Each structure stands twice: as structure tokens, then as C-alpha cells.
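Just so it is clear, the structure is predicted and the values come from calculations on it, not from any experiment.
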Amino acid sequence: MDLVEEASVLHTNVQQYTCPMHSDVLKDEPGDCPVCGMDLVPKQADVSAEEKSYKKLINKFKIAVGFTFPIFLIAMSEMIPGNPLYELLSLKYWNWVQFALSIPVVFYATWMFFERAYRSIKTWNLNMFTLIGIGAGVAWLFSLFAILVPDFFPVQFKTEQGTVHVYFEAATVILTLVLFGQLLEARAHSRTNSAVKELLKLAPNKAIRVINGVDETISIDKISKGDLLRVKPGDSIPVDGVIQEGESTVDESMITGEPVPVQKEIGDAVSSGTINGKRSFVMIAEKVGAETLLSQIIDMVNKASRSQAPIQKLADKISSYFVPAVVFISVTTFILWVIFGPEPAYVYALVNAIAVLIIACPCALGLATPMSVMVGVGKGAQSGVLIKNAEALERMDKIDVLVIDKTGTITEGKPSVEKVGSIGNVDKDMVLQYIVSLNQHSEHPLADAALSYGKLKNVSILKVDDFSSVTGMGVSGRINGEPVYLGNDKMMSEAKVVVPENLLVVVSAHQKQGKTVSYLAVGGKAVGFVAIGDKIKETSKKAIKELQDSGVSVIMLTGDNHDTAKAVAEQLNLVDFKAEMLPQDKLAEVERLQAEGKKVAVAGDGINDAPALAKSDVGIAMGTGTAVAIESAAITLVKGDLHGIVKAHNLSKAVMKNIKQNLFFALIYNTVGIPVAAGLLYPFFGLLLSPMIAALAMSFSSVSVIANALRLRTVKIDE
């Protein structure tokens, strides 16, 4: 098989720009040439080796199709009564036209298959390429010999026009179909590099270094340990380090998967690739280059993806037995005809031995898997299940463990208000109005959730005076002249607000479910609360139950805390779950399950899921998730709900069943024809295999495969 390029972790995200006219001009960012004013262009084109390989295959495939299609039309025209082509040229000359058209297909577009077949025989690692190489090669050479010396063949092998039936069409069609399969595989091979490139985008190309109080912009690869770096609001953190000055909230979802940003103060650690909130801070660089957490995640994705051995195709397994058997029968046929055949014995022996190899070449074998996969992938796309390659479908059929992330996979993946409550005779609408009014001035990420909820409920916003935000506690202000506080226990204690026992009980119950709860105090009295959490998707519970009923074990791994994980697991009747899982922990859990012999699918939506997605037997990404997760996965669920996994599981079963049926159709006609080609009927009936019957067997097997594959369009996968 083609070797594939491994994406480099270090410095691949640093691009330099130069002037087309002045190559000595080098800049770290796009702009104008200081010499001539022309636009600067990237110094190195960002085209991977795999992309080059894919484009090369595309060109070869276009050539193969362009020359194979007219050969196919010429060959099929023989079935038309009163063939109009014969009015232009006789069959003899049309055979020469087919020969000429086949040369670019055999000796350029698909020559690599013959090279692979030769290597497989040399190493005795027989596979589908061996079968294709021998079958297509012998069919093409037989056809060439037939048009060069037709008088060499016995009369039984000739047509009414005195020509010998040729197989240029059979040889070129199967070679082109196999090339199409290789094209699909080449596209799928770029999966890992795409995922790594998406990860590399998380780290900025630039950083702001602070030297003696002066800011300077530098390239990320020039950062050294101990450097002071300024991180502005909304910027990606360039390297791992510790905050020395300032405070902010940081979106660490790439590590934990959790949607709520984390409050960071002086002395707190920050990681490369995570996103700063709405305040600026200065950090000390502690880990740079390959030492950063982001680089380690990239390395894990690379190793996890490359460690997967390509799955043994069913066609390869068949070929490993079929090839030696056919060659043995062909040699035996030659020997028996030499010993027992009529004169010229060697001619009969050679022709019949070759006939065995030709009839044994299952042209539909190259069509069996691609046809089912093509129809299956189309069926999946209609149902919101995007499948990258045939391996994903094949492996999904054998899955017995599904590992799922919580945030964004089981849940919505964003904080939302789940409950607003009040005590006594206090109006709940008033509590919500005060909460929304205070949050309109807050920069805290959870404030956005409250504002969105208020907008949904059409809440009118009140004027807030003396607004104040206290980091790690909450916010306060004055509404209608009264002091109002919204925050946690510390805020209530600081404001000397006594929280009634009945309110404490209600809030505690929500906190045990993993919700973030803030008290509302008005005029020195606690009157209500707001609970914010990550809502479970409507389809999650039903989908998990359907998967469990079908024999798939479901395990939830989340970076969230234990209480939240336990609450979600209880709602979904999940027995197996683990909380506070970092990216490397999820990867280790997948490896442990695989070491036990389990076939593991992983469903996730975040950067923290990428290593586990890449390592799993089948990676399933939520279409609503990050680009990194989607690139690391083999299957993407457009709607981002777990019911898509049920669809994918059902579809894989249907496709694999269909492929096995197709392989049967691809082989049965040819297998039955082998003894006839060997001359088994000659001693009894004086019959040798008619070339037309051989051609009909090939055509009929292909038609059967196509018709059977098209049945997948009517399969129900929603149930």
C-alpha cells in the first residue's frame, strides 16, 4: 500500500511569506513587499504528501475512465442485434481499437496494481491485488495474443467472424473500479493530518513578549522558558505557564470538554491552546514547543491514528485462498490436457489453462464492496450520518462498547438556565427580572446564559446603580434603591445575608446534581436562586437504551466533576461512568478496553476527545462539535445527537450483510465456470467454455452486485 506522511507537531504552524520578485524578503505575516509593493505569498505551499498522492490518483482515475468507457461501449454493443458499429468497422478492427484504448489504462493509470501483485507473489502475501493482477493481466495478454495470432486457437474459441473473443473490457473495467476504491482510501488517509492541522490552528502564530515593561510581538517558536507573555482578551494562550499579573476566565474546554470557563488568578496554571476571556493578564512561560499540553495532545492523536493496523478486507481473505486454488487448478488443467487432450495437445492445454484464469477473475469483486459502500454512504448522508470510509462501516458492525463524552454529546454542550426559584410569597418573575438586570453588566460567562434565558422569557430589564463584580463570588448593585446581591455562599456571607434553611435545602439538591447555583438577596434577605447547568439532549436517553438493547455496552467518560457525572448517569440509567477524565485518561481507557479484546467506538465533540477518537475502532463526532473532533473521527453525526449512532449501527449491519451477499454474487458464477473452463464437459459432450458464456458470467455477476447494492436505498435505519 502507499506510505502516508505523518504530520509534524513542531513549527508546522509557523508560515513565512516572501515576495515573488524579491526572494530575500521574508516576513512572518502577509502584507506588502517593502521593495516593490507586491503582495507577499506563502514561502511553502501547504500541500501535504497525501494531498499530492490524492491529486495524482484523481488524474489517473480520469484517464482510466476516459479510455475504459469507450472500450465498455464497444464490448457491450455486441449484444445489440444488428450492431451499428459493424457498419463502420468489422469486429476484427474494433478489437484493435479496444487494444489501443486499453494501453493507457493498463500501462499508466493502473500499472501500480501489477507492481503490487508482483510484490505480493514475491513475498507470498496474497491479497486482492494478487487476484486483480493475475486475472486482469492474463485477460489482457490473452486478448492481445488472440488478435495477433487468432489461428493459434481451436475453433471452439472463435466467433462467427473468425476472431477470438477478447477481454479488454473485463480487464480495464475491473482495474478502473479498483482504482476508484484506492481513490476513496487515499481521501480517507488524510484524516489524521487534517485533525493535527486543526489542532495546530489552536496555537497562535504570534505572542506578545514583555521585556522591561515594553510589549513586542514575536513568533511563537521564539518563546523561551521564563519569558513574560501578555495575553489579551479573546486570544489563544501561546504556551503553558502560570499567571503572574492580572486575572481572567479561561475557556479550557479543549482539555476538560466543559463549557463553563474557569476563573484564573495570580499563581494559577494556564495551558496552550485554551482561550482567554474578557480580561488581559501576564503569564510566565514554563513549557514551550513539544512540552506544551497542546503538543502532547497532537502527539497522542498522531500516535493513536498511526497505531491502527489497517483492517483485513474480506476480499483479501478470499484472495489468499482463492488465488493459490485457481493457479493450482490452472496448472492441473494444463497438465491433464497435455497428457489426455487431442492434438494439438499443447495448444488445447495452454488455451484451457488460460481460460481457467480468465473465468476465475471475478470482475465484480472489485465492484462488490465499493457499490455497497457508495449506496450505504449515500443512505447515511440522507439520514444525517456522514461516513468517511468503508472501514468505519465495517468496524461499526462489530462494535460491542460505546464510550461517550458527556458535554456536547449527551448534553447540549453550553450552559443554560435550568431553574429559577423563590421562597415564601416572593414572585418568581421578580426574582428572574432582578437576576437578568444584574447580569446585563457582568462579564462572567454564566451571565450570558441568564441573559439568553431572560430574552426567551421576554423579561424587561431594570436600571442597576452602583454595579460591582467580585471575582470568585458574584455581582451586586442597587435596584429601586435596594441593595441586591447575586452570587455564591461567599457572597452571601460577605454581604451578611442569612440564607433560610428551606432555601439551603433546595439549592443543595441542585448542587448535588452538578448545577451551578447562585443566590439572589434583596434588601439583606435571600429571596431566590438560579440554577445553571448543561441540559441533556432530548434524544440521548432513548438512543442509549436502544444501543444497550442491541448488545452494546455504553460507558460515559467526562472531564466534569463526579457529582455532575453521577447525576447525568442516573438520569440515563448508565451504570458505567468516570469523571474528571483528561484527554490522556480517555485515551488510556480506550486502550484498556481494546486490550481486553473489545471493539470500541468513541463518540465526542471536543478537542479533549480527539486522541480517544483517533485511537478507537470507530470514532464518531458530533457535527455540532469542534473541527478537530470531526477530523479525528470516521463518522460525523450532522445533527449532533446520539440517535445518529443508532442509525450508523443499523446502517453498518445492513451494509456489511449486503457486501457479503455481493461477494457471493461476485464469485459464484466464476467459481461454477472454472470446471467448465478446465474442460470437464469435453470428454462427455465435446464442449469447451464458450468465450461468450465467460463474458456473460462476468456481466451477470456485475449486474447482480449492482442490483443487490441498490436495495440498501430502501433499508430502514431509524428503528
Side-chain angles (χ1 to χ4, degrees), residues 60-111 113-114 132-179 344 347-348 350-361 363-364 366-367 670 673 677 688-703:
K60 287 187 175 184
F61 181 68
K62 289 177 180 176
I63 290 171
V65 170
F67 284 94
T68 298
F69 188 64
I71 295 173
F72 178 78
L73 291 179
I74 294 168
M76 290 299 102
S77 70
E78 294 180 27
M79 299 182 181
I80 303 173
N83 190 344
L85 292 182
Y86 291 166
E87 296 178 7
L88 299 174
L89 294 172
S90 66
L91 178 58
K92 175 183 175 181
Y93 294 108
W94 281 119
N95 287 345
W96 279 102
V97 171
Q98 290 186 60
F99 162 69
L101 290 170
S102 71
I103 291 175
V105 179
V106 173
F107 291 97
Y108 173 69
T110 64
W111 182 249
F113 299 146
F114 296 102
I132 299 304
I134 292 175
V138 169
W140 190 86
L141 289 171
F142 174 90
S143 303
L144 176 60
F145 193 64
I147 61 175
L148 288 173
V149 283
D151 293 337
F152 175 83
F153 295 85
V155 67
Q156 290 94 333
F157 286 84
K158 294 185 177 181
T159 64
E160 293 178 359
Q161 292 93 332
T163 61
V164 179
H165 189 83
V166 294
Y167 296 92
F168 292 120
E169 166 259 341
T172 53
V173 166
I174 189 171
L175 289 169
T176 302
L177 288 170
V178 175
L179 183 60
V347 172
Y348 276 99
L350 180 62
V351 169
N352 284 296
I354 292 173
V356 168
L357 293 175
I358 291 174
I359 192 64
C361 175
C363 294
L367 196 61
N670 309 77
L688 292 174
L689 179 70
S690 165
M692 287 305 294
I693 293 176
L696 190 63
M698 289 182 177
S699 300
F700 201 62
S701 61
S702 298
V703 170

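- Summarising the geometry of Pro104 relative to Ala100, their closest heavy-atom pair is CD-O, 3.5 Å, with the distance given to 0.1 Å.
- Contact annotation: the side chain of Leu148 approaches that of Leu144 to within less than 4.5 Å [non-hydrogen atoms, C-beta and beyond].
- Between Trp111 and Phe114, a ring centre-to-centre spacing shorter than 6.0 Å is recorded.
- Checking Thr176 against Thr68 by side-chain atom types alone, a donor-acceptor pair falls below 3.5 Å.
- Inter-residue side-chain proximity for Phe145 and Phe142 is flagged as unmet; no heavy-atom pair is nearer than 4.5 Å.
- When all heavy atoms are compared, the tightest approach of Ile74 to Gln98 is CG2-NE2, 3.5 Å.
- Pairing each heavy atom of Val105 with each of Ala64, the nearest pair is CG2-O, 3.9 Å.
- Below 30°, between 30° and 60°, or above 60°: for Phe168 and Phe99 the angle between ring planes is between 30° and 60°, a tilted geometry.
- In Phe72, the CZ atom is not crowded: 12 or fewer heavy atoms of neighbouring residues, nucleotides or ligands sit closer than 6.0 Å.
- Taking CD1 from Ile71 and OG1 from Thr172, the interatomic distance works out to 4.0 Å, rounded to the nearest 0.5 Å.
- The minimum heavy-atom distance between Phe113 and Leu175, with the atom names listed, is CE1-O, 3.5 Å.
- Looking at Leu179 and Lys60, their side chains come closer than 4.5 Å, going by heavy atoms from C-beta outward.
- Not counting sequence neighbours, Phe67 has no partner by the ring-ring contact (aromatic ring centres under 6.0 Å, His included) test.
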